[in-house]
Amino acid sequence: MIELRNIHKSYGVGRFATTIIDDCSFVLERNKFNVIIGPSGVGKSTLIRLIAGFEKPTRGEILIDGRQVTGPDHNRLVVFQESALFPWMTTQENIHYGPSARGERRGDIAAKADLLLEKVGLRAAARRYPAQLSGGMQRRAELARALINNPEIMILDEPFRGLDAMTRKLMLDYYARLSEDSPRTNLFVTTDIDEAIFLADRLFVMTYRPMKVRAVIDVDLPRPRSLNTVFDDDHANALKMEALSLLHEEAMKAFTSGSKAAADFIEAYRKRIATA
Amino acid sequence: MSAALNPARRGALTIDNAVKIYDPEGARVLAVDHCSLHIPAGEICMIVGPSGCGKTTLLNAIAGFHDLDEGSIHLDGRMLCGPGRPKAEVGPDRIVVFQNGALFPWKTNLDNVAFGPMVQKRLSRAAARDKARQLMAEAGLSGYENSYPGEISSGLRRRVEIVRALMNDPTILLLDEPYRALDALTKSVMHEALLETYYRTGITIFFITHDLEEAIFLGHRVVIMTSRPCRPKLIMDVDIPHPRDYTVLTSKRFRELVHATEAAVHEEALKSFALGEKEG
Amino acid sequence: MNSEQILPVSHRDLAARRGASPWRMLARFRRYRRACMSFAIFLGIWQLGTTGKSWLGHPIPILCQAPSPGAVLAAWGQLVLEPAYWQSWYLSFTRVALGFLAAASVGIPFGLMIAISPLFRGMIFPVFELLRPIPPLAWVPASIIFWPTQELSIDFVIFLGAFYTIVINVVGGAANIDARLIQAARSMGGSRWNIFRRLVLPGVIPSICVGLETGIGITWEVVVAAEMISGGGAGGSGGASGGLGFFIWNSYIGGSYPDIVVGMISIGIAGYLSSAAMRFAASKATPWLRER
Amino acid sequence: MSDTALSIREIIAHSAPFDHLPDAVLDRLAAEAEEISVAAGEAVYESGTASDDIYVLREGMVRLEPSGPASAGASSRDIRPSDAFGWTALSSSAARRERAVATMPSRLLLISGTRFIAISESVRAAQTKQEVDVPAAPLATLLPETDTFRRQQNVSDSLDIFAFRVAQWFKSPKPYLLLLGYALFLGSWYLAVQVWKLPRFAQMPGLTDVVQEWTSRNPVYGVSIFTPVYYEHIFVSLRRIAVAFTCATLIGVPVGLFLGWSKTFKDYVFPLFELLRPIPPLAWVPLAIVMLPGSELPVLYLTFLASFFATALNTMLGVRSIDPTYFQAANCLGASRAQVFWHVVVPGSMPFIFTGLQISMGVAWFSLVAAEMVSGQFGLGYLINTSYTTVQYPTMVIAMLTLGIVGYASSALVRLAGNWLMSWRTRQLALDGAR
């Protein structure tokens with residue numbers, strides 16, 4: 001169970017300080033699929049780096065089962081937005097890296113790895129280098145590399161963003177099935193509302209800058225869910241609309257403040273009046 | 001929305017049984033196989049297909065970057081390429097907006113937008129810059145004239161590029177997955193900006209995408225392509241009324257249309273997945 | 001269904017008629033033809049210019065001094081038979097090899113130390129940057145004083161020439177290893193030594209290869225000049241024992257100009273061969289950079 | 001301003017879209033804001049009405065119920081105190097799409113949209129010079145995080161940045177390690193040569209000898225910073241570098257551009273280029289002396305040769321590095337082949353051209369030294385050589401160090417020219433650093 005108590009994170013000093021996250025507190029329950037959604041460039045990746053232990057918060061604390069987070073740990077593994085496979089290792093060596101770095105016996109590493117390779121359907125690509133894999137394959141290899149360490153908490157930072165829409169749908173289905181048969185706590189960051197509603201048990205909508213929790217939506221859709229049926233019933237669409245209207249407001253703020261704040265908003269407003 | 005749907009008088013595109021064979025190291029791969037398609041003037045036509053299925057080859061043929069081995073393409077009756085002339089002539093009547101953007105990073109946004117007319121010597125340098133300033137203001141990009149493309153967000157860059165295209169008053173706008181690299185929320189704001197531009201100009205749009213929902217949200221018609229070699233598999237009219245905004249995404253009609261086409265797209269995606277297509 | 005599409009009948013003859021693959025052959029043939037033409041023109045100008053006195057009556061200002069291609073070929077014919085010629089090849093090669101290996105074996109660890117330990121970087125790198133702008137050949141007189149034998153002084157200068165390049169490339173290579181890879185490894189429980197061995201080292205190899213390739217190019221430039229300066233130009237105390245650079249200088253003093261050109265071309269070939277060897281080694285050392 | 005206006009200003013300042021407005025606008029808005037109170041269950045505005053007002057909730061609770069054709073099944077949203085609402089309708093489409101109703105007695109601030117526009121416009125016109133910058137890019141520790149790096153960044157800002165960086169630098173251990181490093185190097189030089197007189201180091205010139213010679217009014221061997229001959233040598237070397245480097249650039253860049261740009265030119269010239277390039281420039285020394293009259297021309301030719309090959313090759317790589325979509329985009333926009341050359345090829349390969357120029361400056365000094373040693377009359381290389389042969393070792397070290405300083409200064413000059421000429425790249429790199 002991850003608990004964040006009014007986390008504050010800012011970069012720079014004095015006049016050049018920028019607050020990225022300001023008194024953000026929430027709780028992620030164990031074995032639940034938690035999704036964080038918010039406009040881009042708002043600090044979601046910073047939050048991930050804080051939880052994973054790569055950076056320390058300026059104020060506030062992050063407790064995992066009561067213990068303070070001090071540094072990275074193989075129970076909290078991150079899958080980044082761009083591929084972080086080691087380019088000079090073959091797919092198999094990449095997957096073997098975690099357990100072998102922790103000194104596990106070579107025998108059962110190989111066994112676990114073969115099982116996972118089979119599961120992610122990369123048996124044929126075991127010998128190939130990451131540069132020779134397609135986007136979808138790289139993502140599956142990276143998931144396998146994380147899952148072999150059997151982490152308690154899987155953190156994914158917009159993992160399917162670089163893929164084209166169709167591969168993304170296949171990967172979504174795929175990851176949902178993968179996390180159903182071995183439940184663990186998931187922290188999934190995305191900007192895509194469909195991904196969020198499809199995967200989430202609990203959806204955190206974040207504000208624009210500085211980032212804090214704007215709303216928490218309980219996505220109580222039945223499991224297992226499939227991508228093409230999930231949006232048929234009205235309840236799912238209602239949840240989507242609720243999140244979407246919040247998000248649209250935050251996106252507008254991001255959009256307006258991304259372009260010289262009020263001045264640009266006035267420009268857009270005057271144009272509306274002119275054409276109405 | 002007053003300037004919405006004046007019937008555009010130009011921009012009708014006809015492709016009939018186009019064939020294109022690639023020859024990487026003599027492998028002679030068939031990319032486009034007898035593809036025929038007619039796009040009436042002033043329509044937003046969405047081309048949906050799996051990665052590496054030859055959609056971009058079709059776009060390159062229309063723009064004149066590549067030749068066709070067979071078949072012909074006509075724009076408003078005029079033959080772009082055909083039996084006599086395998087390669088269409090590149091011209092400002094068909095402007096391409098590329099997937100990763102092609103704003104010249106060494107020119108300010110204003111010079112980028114003013115580049116077209118200035119280079120074609122249709123306008124003097126000063127006149128081109130003034131018109132560019134006015135067009136950018138109209139698209140809500142005032143204040144960005146003097147910054148460089150490298151300094152503004154990718155969403156804004158994409159809008160500047162579309163203004164640069166419209167500056168030349170093209171007959172047809174060719175978009176090659178322009179919003180692929182953007183995150184979902186910026187994409188929804190971009191969609192509204194594109195629709196707004198369409199309502200203002202009524203220009204024909206030939207839009208290639210992977211994202212079925214983006215296609216149905218934007219397009220008058222959605223053409224679903226087979227995996228390689230590409231040929232239209234299913235053409236569907238999107239009868240959601242224009243002007244549209246983001247609330248359409250959750251409307252009942254939208255979901256029905258998605259269902260009608262999802263099976264076809266999914267099937268093609270699996271085929272190209274099996275082919276081990278490396279994303280473009 | 002393999003990725004190569006099986007063409008329906010109607011298209012097979014279509015593809016053959018266009019002669020897809022021969023078209024590429026045609027382009028390659030055209031390039032060779034043009035290359036030969038430009039060589040011919042170059043040799044023509046060279047021949048005409050150098051033997052201008054007899055053909056055109058008045059000598060062409062610069063070129064007339066130079067030996068004609070014919071003379072150079074003739075000289076090369078004789079030289080190939082003399083063992084002294086091949087001995088200077090051997091000597092230059094050993095000097096380059098010695099200096100270069102020393103530079104690599106000292107430079108690579110030195111560069112890695114700078115990249116990894118901030119303390120070492122803070123202290124040593126500024127001094128390194130202070131000495132780097134001094135051209136290696138400016139060290140020739142100083143190294144003649146410092147080192148006991150002539151041979152060692154040339155090797156030191158060669159060492160310096162390659163050392164700077166290798167260190168800069170190693171430091172650059174280590175700097176742009178993606179921080180996320182190291183974070184991922186750390187979170188999977190990789191110890192500092194494990195991360196160095198399995199992440200930093202392989203990550204730096206491509207830039208080490210680049211450093212070695214440019215480094216060996218520089219060593220050939222240094223060896224020529226060093227042999228000339230210490231062997232000939234700098235007072236010739238005792239004369240360095242051979243080498244291509246010395247061979248060229250000697251032929252200049254001895255007045256046999258065609259031998260100079262022969263020496264120049266030989267060094268060009270030697271330099272090209274060693275760079276090619278480095279490129280080959282680099283492609284072997286980095287299999288993951290080769291596309292599918 | 002009365003205190004209620006002050007408290008209103010506080011509330012407005014914290015709710016979007018007002019939170020980034022300059023104070024001048026906020027004050028006048030607060031003054032003109034109208035306070036209205038609404039009973040529980042009473043509608044603030046109906047859906048479909050014209051949206052001209054923006055509301056800020058002071059106390060109580062307002063619920064936004066979406067109604068209208070396309071939003072069947074959407075749920076309503078509650079507004080909490082100090083939240084503004086009603087303004088998103090303003091910017092996306094004219095008519096309101098929701099119905100706002102107070103769920104408990106609440107007090108609201110009403111700001112008319114047109115007044116808000118008028119005030120902001122007048123304030124904005126008054127202070128066009130002072131930019132309203134909203135920091136949005138994360139991870140920028142040193143640079144001020146402005147979303148767009150304005151060209152009109154006024155001078156005081158850049159001075160602040162510089163001062164800030166220097167302060168940061170002093171706080172970090174860097175300067176002390178630097179001094180320690182230099183002390184170690186100079187110390188060991190001094191000890192090895194003058195104090196311990198180690199075997200090989202004995203004849204080398206000592207640190208104090210060199211420094212004394214370099215800075216003394218009347219130096220023992222006649223060369224110090226006060227004697228004109230020192231500057232003569234430097235001037236001669238610099239002149240040779242200037243002449244050779246400019247010729248190499250004027251010839252090398254165009255050759256490189258054409259090598260990269262036109263296939264036919266490349267087919268004819270590149271094979272010859274590749275044949276001559278492996279020959280080390282200094283192997284040309286004897287031939288240059290033979291072919292070229294006088295002693296000045298050979299030195300110039302050798303320096304020119306070295307930097308010509310470096311410039312031409314890097315320029316060609318620069319042209320090849322340009323993304324082909326730029327050529328397609330330019331053709332699409334109707335540019336002719338020549339226009340594509342001037343507007344795409346030349347600016348696009350600039351970054352590589354300047355890397356090439358920096359390398360060619362380094363290589364120019366490299367060959368100049370050797371050429372001067374072998375056949376020059378004046379110049380630093382010649383000075384090193386003669387001071388070696390006439391056993392004036394301190395002068396030799398002085399000449400070597402001067403070479404280092406002058407060499408570094410000239411490549412720094414090329415770098416500065418590059419950064420200045422390619423402002424688009426330097427700012428992009430600055431922002432990438434900040435991103």
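Here is the naming used below: chain letters follow the sequence lines, and residue numbers restart at 1 for every chain. The shown structure was predicted, so the numbers you read here are calculated from the model rather than taken from an experiment.
Between Phe86(A) and Tyr129(A), the ring center distance fails the sub-6.0 Å criterion.
Crowding of Tyr272(C) atom OH: a count of heavy atoms from other residues, nucleotides or ligands under 6.0 Å not exceeding 12. Enclosure of atom CZ in Phe196(C) by more than 12 non-hydrogen atoms of other residues, nucleotides or ligands within 6.0 angstrom is indicated.
At a 4.5 Å heavy-atom cutoff, Thr90(A) makes no contact with chain C through either its backbone or its side chain.
Near-neighbour residues of residues 142-151 of chain A relative to chain C, defined by a heavy atom under 4.5 Å from a heavy atom of that chain, comprise Arg145(A), Asn149(A).
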Below 3.5 Å, can you tabulate the donor-acceptor pairs from side chains in residues 204-211 of chain C to any protein atom, sequence neighbours excluded?
{"residue": "Ser207(C)", "atom": "OG", "partner": "Val204(C)", "partner atom": "O", "Å": "3.0"}

For residues 104-117 of chain A, run the donor-acceptor check on the side chains, cut-off 3.5 Å, and write out each pair with its distance to 0.1 Å, sequence neighbours left out.
{"residue": "Glu104(A)", "atom": "OE1", "partner": "Lys112(A)", "partner atom": "NZ", "Å": "3.2"}

Enumerate, atom names and distances included, each donor-acceptor pair closer than 3.5 Å involving a side-chain atom of residues 155-174 of chain C, sequence neighbours excluded.
{"residue": "Tyr164(C)", "atom": "OH", "partner": "Leu131(C)", "partner atom": "O", "Å": "3.3"}
{"residue": "Thr165(C)", "atom": "OG1", "partner": "Gly161(C)", "partner atom": "O", "Å": "3.4"}
{"residue": "Asn169(C)", "atom": "ND2", "partner": "Thr165(C)", "partner atom": "O", "Å": "3.0"}

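Highest contact tally toward chain A, considering only Thr286(C), Asn194(C), Ile195(C), Asp178(C), is held by Asn194(C) [criterion: heavy-atom pairs under 4.5 Å]. Ranked by non-hydrogen atom pairs under 4.5 Å with chain A, the options Pro202(C), Gly189(C), Ser187(C) are led by Ser187(C).
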task: Kindly determine whether Arg95(C) and Glu227(C) satisfy salt bridge (Lys or Arg N to Asp or Glu O under 4.0 Å), including the steps that lead there.
output: CA-CA 10 Å; Arg95(C) 281 197 186 111; Glu227(C) 282 165 357; 2.6 Å; yes
